[in-house]
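Just below is one structure, and these are the notes that go with it.
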Amino acid sequence: MGIDTENQEIENSIREIAKKLLSENQVDVIIGYAEGTIPLSSTPIFIRKEEDVNKLIWNNLCYINLANYLVPLMPQLCDSEGNALKIGIVAKGCVGRAVNHLAVEKQVDLEKVKMIGIRCNGIVNRSKINLEIGEKEILEVSISGNDIIVKGKDWEKKFPYDQYINDLCKVCKVKSPSASNETCVGECEEIESIHDEFADVIDFESKSSEEKWNYIKEALEPCTLCYSCRQACPLCYCNLCFVDQNLPVWFGKTAELPDIIVFHLIRAFHLAGRCVACGACSSVCPVGIDLNMITRKLEKIVKDRYDFTSGLNAETLPPMMDFKMEDTEEFMLEED
Ligand code: SF4
Ligand code: SF4
Ligand code: SF4
């Protein structure tokens, strides 16, 4: 089956379930994806009426992690008296992980949420395509069979889908939300634990300390500290982020590399054991920085040390919220 056919089937199932949930008053509002206003994008949409469910779409540009809209509770998700509405949310695997993890962190009340589970078939790497197209203006993007078709004025280019999806999607082991509770309807999976070889991190780990440092420096150098990555991240929900603190100022905000590195390393530590590998941060970066190497390396460390994968259920406390006497502490002595 071609990717375009798969997308159509997923989209039909989202619309059908959304209609049922709204008509049976199981939810008051559905958060999903709609066509983007510019090519190579999609946009979040809040649907309240059955007759609007056909505005919900699924395609391989649905890169936003919709769980981001659950926290903080938005005015659109409350009734006129400020009470929380019952929410349906279109959930690919990493959205499901984020919803579960937010529930563990007591940011989401699962009694008020229904996940419309879908089996994600991957997200297009926008930066890779933008880079290859260069300065030409993209006017239209579509999927035909197993190709991504990008069109401009008087030109058209074809990209094989399997080579132009996010690296994270190639190694993803949680394509549908976990069916660990009653919250998920639609396509959900029983996932107790996952085996991840972290094939994408092995090459980086084989580098020397100097090579790793050079890799990180080179990758982060173009960063403009716009903080779009933080804004897109469902786990970056702090009322006051450390970068916005000015009493005291924790670090400088110049475009100099040391300031850039401090932002990314501190943010990465804040995401350790919490990141759900959705890739939304990389998808929205205006200068095409791929942050996956940092977030995946931290995911691997947490898996190796604590056998923990974020968001597989809504009960297990993540390592940074928990403490056991037998926790290893050898990392304090590591040099590399
Ligand atoms: S750090 Fe990036 S990949 Fe991880 S949860 Fe946040 S947006 Fe997703
Ligand atoms: S970077 Fe850290 S402090 Fe800032 S929003 Fe994310 S988790 Fe909170
Ligand atoms: S989105 Fe990109 S440019 Fe903006 S702060 Fe994040 S890494 Fe830097």
Side-chain angles (χ1 to χ4, degrees), residues 44 62-72 91-102 104-105 107-108 120 123 125-127 130-131 166-174 196 200-201 216-246 249-303 309-312 318 320-321:
C62 295
Y63 50 83
I64 299 163
N65 192 322
L66 295 175
N68 207 11
Y69 298 93
L70 297 177
V71 182
K92 48 183 175 165
C94 48
V95 172
R97 283 180 67 182
V99 172
N100 276 339
H101 195 87
L102 288 169
V104 175
E105 293 188 357
Q107 299 300 313
V108 165
C120 178
I123 298 298
N125 188 326
R126 304 164 76 215
S127 313
N130 272 326
L131 199 68
N166 285 332
D167 289 343
L168 271 180
C169 303
K170 291 179 191 160
V171 294
C172 173
K173 302 274 188 288
V174 187
D196 191 336
D200 48 329
V201 183
I216 296 282
K217 273 200 301 191
E218 211 172 289
L220 295 180
E221 207 143 35
C223 175
T224 60
L225 286 182
C226 71
Y227 309 136
S228 300
C229 46
R230 176 196 67 180
Q231 292 309 108
C233 177
L235 282 317
C236 268
Y237 57 75
C238 302
N239 288 339
L240 183 59
C241 175
F242 76 97
V243 296
D244 298 325
Q245 280 270 6
N246 51 15
V249 174
W250 291 105
F251 76 108
K253 289 166 196 173
T254 69
E256 300 296 322
L257 193 61
D259 288 345
I260 293 171
I261 300 264
V262 169
F263 164 62
H264 284 287
L265 292 191
I266 294 183
R267 180 170 175 273
F269 288 140
H270 291 183
L271 270 304
R274 304 176 64 236
C275 170
V276 294
C278 64
C281 47
S282 303
S283 286
V284 299
C285 177
V287 291
I289 294 174
D290 190 344
L291 295 164
N292 298 342
M293 190 49 72
I294 299 176
T295 52
R296 282 283 288 164
K297 172 67 183 163
L298 279 167
E299 196 182 5
K300 180 170 185 291
I301 292 170
V302 172
K303 178 75 180 163
T309 305
S310 58
L312 295 190
M320 301 304 154
M321 285 173 78

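Numbering of ligands and ligand atoms starts at 1, following listing order.
Using a 4.5 Å heavy-atom threshold, the side chains of Pro258 and Ile260 count as separate. Using a 4.5 Å heavy-atom threshold, the side chains of Leu271 and Cys236 count as touching. Residues His270 and Leu235 form no side-chain contact, since every pair of their non-hydrogen atoms from C-beta on lies 4.5 Å or further apart. Considering only heavy atoms from C-beta on, Phe269 stays 4.5 Å or farther from His264 through its side chain. Under the 4.5 Å side-chain criterion, counting only non-hydrogen atoms from C-beta, Lys92 is in contact with Ile123. Arg274 places none of its side-chain heavy atoms less than 4.5 Å from the side chain of Met320. Inter-residue side-chain proximity for Pro234 and Val71 is flagged as unmet; no heavy-atom pair is nearer than 4.5 Å.
Heavy atoms of Asn65 come nearer than 4.0 angstrom to ligand 1 in no pair at all.
The ligand atoms of ligand 3 that sit less than 4.0 angstrom from a heavy atom of Pro286 are 1 (S). Distances below 4.0 Å separate heavy atoms of Cys223 from the following atoms of ligand 3: 3 (S), 5 (S), 7 (S), 8 (Fe). Distances below 4.0 Å separate heavy atoms of Arg267 from the following atoms of ligand 1: 1 (S), 6 (Fe). Listed by atom number, the atoms of ligand 3 under 4.0 Å from Tyr227 heavy atoms are 4 (Fe), 5 (S). Every atom of ligand 1 with a heavy atom of Cys233 under 4.0 Å away is listed here by number and element: 1 (S), 5 (S), 6 (Fe), 7 (S). Within ligand 3, the atoms closer than 4.0 Å to a non-hydrogen atom of Val287 are 3 (S), numbered from 1 in the order shown. Close approach of ligand 1 to Cys281 is summarised as follows: ligand atoms under 4.0 Å from at least one heavy atom of the residue are 1 (S), 2 (Fe), 3 (S), 7 (S). Atoms of ligand 3 lying under 4.0 Å from any heavy atom of Cys229, numbered from 1 in the order shown and given with element: 1 (S), 5 (S), 6 (Fe).
Cys278 approaches Leu168 most closely through the heavy-atom pair C-CD1, 4.0 Å.
In terms of protein heavy-atom proximity, atom 8 (Fe) of ligand 2 is nearest to Cys238 SG, 2.3 Å. Regarding atom 2 (Fe) of ligand 2, its nearest protein heavy-atom neighbour is His270 ND1, 2.1 Å. Protein heavy atom closest to atom 5 (S) of ligand 1, with residue, atom name and distance, is Val276 N, 3.4 Å. Protein heavy atom nearest atom 3 (S) of ligand 1, with residue, atom name and distance: Gly279 N, 3.2 Å. Nearest to atom 4 (Fe) of ligand 2 among the protein's heavy atoms is Cys241 SG, 2.3 Å.
In this structure, Phe251 and Phe263 have parallel ring planes: the angle between them is below the 30° cut-off, well short of the 60° mark.
For Lys297 and Asp200, the salt-bridge test fails: no basic side-chain N is under 4.0 Å from an acidic carboxylate O.
Taking 2.8 Å as the threshold, His264 does not count as a candidate ligand of atom 6 (Fe) of ligand 3, since none of its N, O or S atoms lies below it. Counting backbone and side-chain atoms alike, Cys236 contributes an N/O/S atom closer than 2.8 Å to atom 6 (Fe) of ligand 2.
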Which is it for Glu256 and Lys217 under the salt bridge (charged side-chain N to carboxylate O under 4.0 Å, His left out) test, yes or no, and what are the steps along the way?
-> CA-CA 11 Å; Glu256 300 296 322; Lys217 273 200 301 191; over 6 Å; no
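Neither the backbone nor the side chain of Val284 comes within contact range of ligand 3; no heavy atom lies under 4.0 Å.
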